[in-house]
Novice: 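Below you will find the structure I want to go over with you.
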Amino acid sequence: MSHAEQAERAVNFIRNIIDEDLSTGKHASIQTRFPPEPNGYLHIGHAKSICLNFGLAQDYQGLCNLRFDDTNPEKESLEYVNAIQRDVQWLGFQWAGEIRYSSSYFETFYQAAIELVNKGLAYVCFLSADETRQYRGTLTEAGKPSPYRDTPIAENLALLEKMRAGGFKEGECVLRAKIDMASPFMCMRDPTLYRIRFAHHHQTGDAWCIYPMYDFAHCISDAIENVTHSLCTLEFQDNRRLYDWILDNITLPGTSRPRQYEFSRLNLEYTVMSKRKLHQLVDDKMVSGWDDPRMPTISGLRRRGYTPASIRDFAERIGVSKVDSFTSMSILEAAVRDDLNLHAPRTMGVLDPVKVVIENYPTGQVESIQAPVHPQNEAMGSREIFFSREIYIDRADFREQANKDFKRLVLGDRVRLRNAYVIEAQRFDADANGEVTTIYCTFVEDTLGKNPTDGKKARGVIHFVEASKAVAAEFYLYDRLFSVPNPAKADDFEAVLNPDSLVIKKGFVEPGLVDAQAEKAYQFEREGYFCRDSKQPGLVFNRTVGLRDTWSEN
RNA sequence: UGGGCCGUAGCCAAGCGGUAAGGCAGCGGGUUUUGAUCCCGUCAUGCGAAGGUUCGAAUCCUUCCGGCCCAGCCA
């Protein structure tokens, strides 16, 4: 990252804290971590966290780990740990050293548990899950102590050992911290530290039958990795008391005392961000998979044509704060457009073709024309396009009659064909439904790169593809997945899916696109940014985002 | 209704006692062989509300209003 870019970094409260910690010498350098649970695919909300954690490490010359928070084997799998690594790297980040797993710290956690038991700060509790809930009290009433709360230390030690050895059934008992059953923080009312699960773990196999809870594992993992700034989302604000309590009561396994800071998670309009709901969309086949281009997952955005740079830029634009926010899609779309506008080669594609016959153009002649790859960037060179007696234009670009505001082809009037000649519409054929089948035009000679000499101006510019060299292609036009801004609030969020989130069109593209590489962005002029789909056979183009449109609503 | 947090423009977001940055969206105009891009201009006498302190308050104090989170052996 250049100094200029770095200087433009938006300030936020976390950077302020780091600046302070560095200037007071509290830390000589920073260590962050991105700690996903491998129980689903990463989404744009995770991207915000990834950009934050890795971005901070980059800017402050610190380190950022990738750590799988894999303490719940029943919900996790290797498929997800692989997909997550792929997504992080695709976004352009590389973790420091090896990948970390909370599960590789299981022995350390266990020793910490023993330490707590030895200090009289943890005990094995045989209350059922149901009873535990009743004993916990409510938001306004204190809880009452478990009858197992005062089991002697030596006995607890033996019990814990037996738990680990598989001497108890699942659910028969748990290890609990002994804190304060009257605490206004519910998470401090003797929280569970370990539960028994005879489940196969994707990393540790069958080595363990007791698995640590998030609150117990996370803070110690941070300490083991010498994390200085442990960043998480707002809903963990209460949990910070437990995070601190645990670290205050065990022998720190690392050299740093991590601190937790919370920022607000990303909410995006017209989509959902919870892994549970995304899972449901996939399971219920409402989308084609985690990487369906309509999904807010990183893999979906990638397949849709979003670039890593555009997602990083998006993260930069939305900033980091503690306000519950609801971000507008337009910020994300503006970020991709800015990136793609600069880098995407221009090409022409007709999504809804109608044939045009240029009656005064010689039959059988195919003319080659050099067109710029990018009109604002000559260095990108030129491409060969063709022109002949028969071409395709888009159905929406022709009207039998229209007022002056319609800057396209109108019967009896002129329009400029992008990169080619000016043509004039003479007449057209229509089928029984009134649907235009062929438009007959004449072209104005010597208008290649020149205006007509007769002074009659073209209404506007439309795009086309020469018919004989045209290559058939399919266009997948995506729109917002949901028809309401906040689908998560709906009683049944699947009932509020946008029925038009995918519209498929069959048309033609320039011959140069037959070998288009998947995921590589193109701008189909006047239509939008597209990329070839990475999964479907044949020429299938996904529309990443349309061009900014100041006309269609008129 | 116990506790933890948060309210600055339609959306995101700086600001930390010295007189409201920036981005997105919008609006007006210019350039244009993409109704795009680009360029110029415009967009909070106002910071949830009301009091108070101060020469001076979005910033400090008080009260009130609104929103989010917490009662998993999930994370």
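Note on naming: letters A, B, ... go to the chains in the order of the sequence lines (proteins, then strands), and numbering restarts at 1 for each one.
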Novice: For A:Arg416 and B:U34, give me the distance from atom CZ to atom P, rounded to whole Å.
Specialist: 10 Å

Novice: Does A:Val320 reach a base, just sugar-phosphate, or nothing at all? Heavy atoms under 4.0 Å.
Specialist: sugar-phosphate

Novice: Answer yes if the side chains of A:Glu333 and A:Ser330 hold a donor-acceptor pair under 3.5 Å, and no otherwise.
Specialist: no

Novice: Think A:Ser321 has a side-chain N or O under 4.0 angstrom from the OP1 or OP2 of B:A13?
Specialist: yes

Novice: Which one, B:U1, B:C5, B:G35, comes nearest to the side chain of A:Val461?
Specialist: B:G35

Novice: Do the ring centers of A:Tyr80 and A:Phe68 come within less than 6.0 Å of each other?
Specialist: no

Novice: With respect to the side chain of A:Lys322, which nucleotide from B:G2, B:C5, B:G35 is positioned closest?
Specialist: B:C5

Novice: Take atom P in B:U8 and the same atom in B:A58, then report the distance between them in whole Å.
Specialist: 15 Å

Novice: Using whole Å, report how far CD1 of A:Ile369 lies from P of B:U33.
Specialist: 16 Å

Novice: For B:C68, which nucleotide is its Watson-Crick or G-U wobble mate, given both distances must be under 3.5 Å?
Specialist: B:G4

Novice: For A:Arg414 and B:U33, what is the distance between atoms CZ and P respectively, to the nearest whole Å?
Specialist: 16 Å

Novice: How close or far is atom C1' of B:U34 from atom CD of A:Glu510, stated in whole angstroms?
Specialist: 13 Å

Novice: Take the protein atom CG of A:Asp313 and the nucleotide atom C1' of B:C12, then report the distance between them rounded to whole Å.
Specialist: 13 Å

Novice: Hey, what's the ring geometry for A:Phe524 with A:Tyr522, parallel, tilted or perpendicular (30° and 60° as the breaks)?
Specialist: parallel

Novice: Who does B:U62 pair with, Watson-Crick or G-U, both distances under 3.5 Å?
Specialist: B:A50

Novice: Considering residues, nucleotides and ligands other than A:Lys457, do more than 12 of their heavy atoms fall under 6.0 Å from its NZ?
Specialist: no

Novice: Does atom CD of A:Gln370 have more than 12 heavy-atom neighbours, drawn from other residues, nucleotides or ligands, at distances under 6.0 Å?
Specialist: yes

Novice: Should A:Asn16 be listed as having a side-chain N or O under 4.0 Å from OP1 or OP2 of B:G15?
Specialist: yes

Novice: With ring centroids as reference points, do A:Tyr270 and A:Phe482 lie under 6.0 angstrom apart?
Specialist: no

Novice: Could you please name the option among B:C5, B:A36, B:G35 that lies closest to any side-chain atom of A:Leu547?
Specialist: B:A36

Novice: For A:Glu141 and B:U1, what is the distance between atoms CD and P respectively, to the nearest whole Å?
Specialist: 16 Å

Novice: Who pairs with A:Asp413 by side chain to side chain donor-acceptor pair (under 3.5 Å), at least two apart in sequence or on another chain?
Specialist: A:Arg459

Novice: Should B:G18 form a Watson-Crick or G-U wobble pair with both distances under 3.5 Å, which nucleotide is its partner?
Specialist: B:C55

Novice: Look at A:Arg33 together with A:Glu225 and state whether they make a salt bridge at an N to O cut-off of under 4.0 Å.
Specialist: no

Novice: In whole Å, measure the gap between the C1' atoms of B:C6 and B:G48 for me.
Specialist: 11 Å

Novice: Please report the distance, rounded to the nearest Å, between CZ in A:Phe314 and P in B:A13.
Specialist: 11 Å

Novice: Between A:Lys404 (NZ) and B:G35 (P), how many Å, whole number?
Specialist: 18 Å

Novice: With a 4.0 Å cut-off on heavy atoms, is A:Thr447 in touch with a base, just the backbone sugar-phosphate, or nothing at all?
Specialist: base

Novice: Assign A:Leu448 to base, sugar-phosphate, or nothing according to its heavy-atom contacts below 4.0 angstrom with the strands shown.
Specialist: base

Novice: If you look at every strand shown and take non-hydrogen atoms under 4.0 Å, does A:Gly143 touch a base, only sugar-phosphate, or nothing?
Specialist: nothing

Novice: Starting at the 5' end of RNA chain B, which residue's closest nucleotide do you reach first, A:Thr327 or A:Arg240?
Specialist: A:Arg240

Novice: Compare all side-chain heavy atoms of A:Val509 with those of A:Met348 and state whether any distance is below 4.5 angstrom.
Specialist: no

Novice: Under 4.0 Å: is that the gap between some side-chain N or O of A:Arg241 and OP1 or OP2 of B:C5?
Specialist: yes

Novice: Could you tell me if the ring centre of A:Tyr194 sits under 6.0 Å from that of A:Phe216?
Specialist: yes

Novice: Tell me whether the centres of the aromatic rings in A:Phe236 and A:Tyr243 are closer together than 6.0 Å.
Specialist: no

Novice: So which nucleotide does B:U37 pair with, by the Watson-Crick or G-U wobble rule with both distances under 3.5 Å?
Specialist: none

Novice: When all nucleic acid strands are considered with a 4.0 Å heavy-atom cut-off, which category describes A:Tyr135: base, sugar-phosphate, or nothing?
Specialist: nothing

Novice: Consider the side chain of A:Ile318, meaning its heavy atoms from C-beta on, and name the nucleotide among B:G15, B:U34, B:C12 that approaches it most closely.
Specialist: B:C12

Novice: Return a single string for nucleotides 70-75 of chain B, one symbol per nucleotide in 5' to 3' order, where B is base contact, S is sugar-phosphate-only contact and - is none, cutoff 4.0 angstrom on heavy atoms.
Specialist: BBSBSB

Novice: Assign A:Arg346 to base, sugar-phosphate, or nothing according to its heavy-atom contacts below 4.0 angstrom with the strands shown.
Specialist: base

Novice: Is the backbone of A:Ile14 close enough, under 3.5 Å, to the side chain of A:Asn12 for a donor and an acceptor to pair up by distance?
Specialist: yes

Novice: Would you mind classifying the nucleic acid contact of A:Lys407 as base, sugar-phosphate or nothing, using non-hydrogen atoms under 4.0 angstrom?
Specialist: base

Novice: Atom pairs under 3.5 Å, N or O on each side, protein against nucleotides 21-31 of chain B: can you list them with distances?
Specialist:
from	atom 1	to	atom 2	distance (Å)
B:C24	O2'	A:Ser330	OG	2.9

Novice: Mind checking if A:Ala142 touches a base, just sugar-phosphate, or nothing, with heavy atoms under 4.0 Å?
Specialist: nothing

Novice: What integer number of Å spans the P atoms of B:A49 and B:A57?
Specialist: 15 Å

Novice: Map A:Ala420 and A:Gln237 onto RNA chain B by nearest heavy atom, then report which one ends up closer to the 5' terminus.
Specialist: A:Gln237

Novice: Return the nucleotide paired to B:U42: Watson-Crick means purine N1 to pyrimidine N3 with N6-O4 or O6-N4, wobble means G-U with N1-O2 and O6-N3, both under 3.5 Å.
Specialist: B:G26

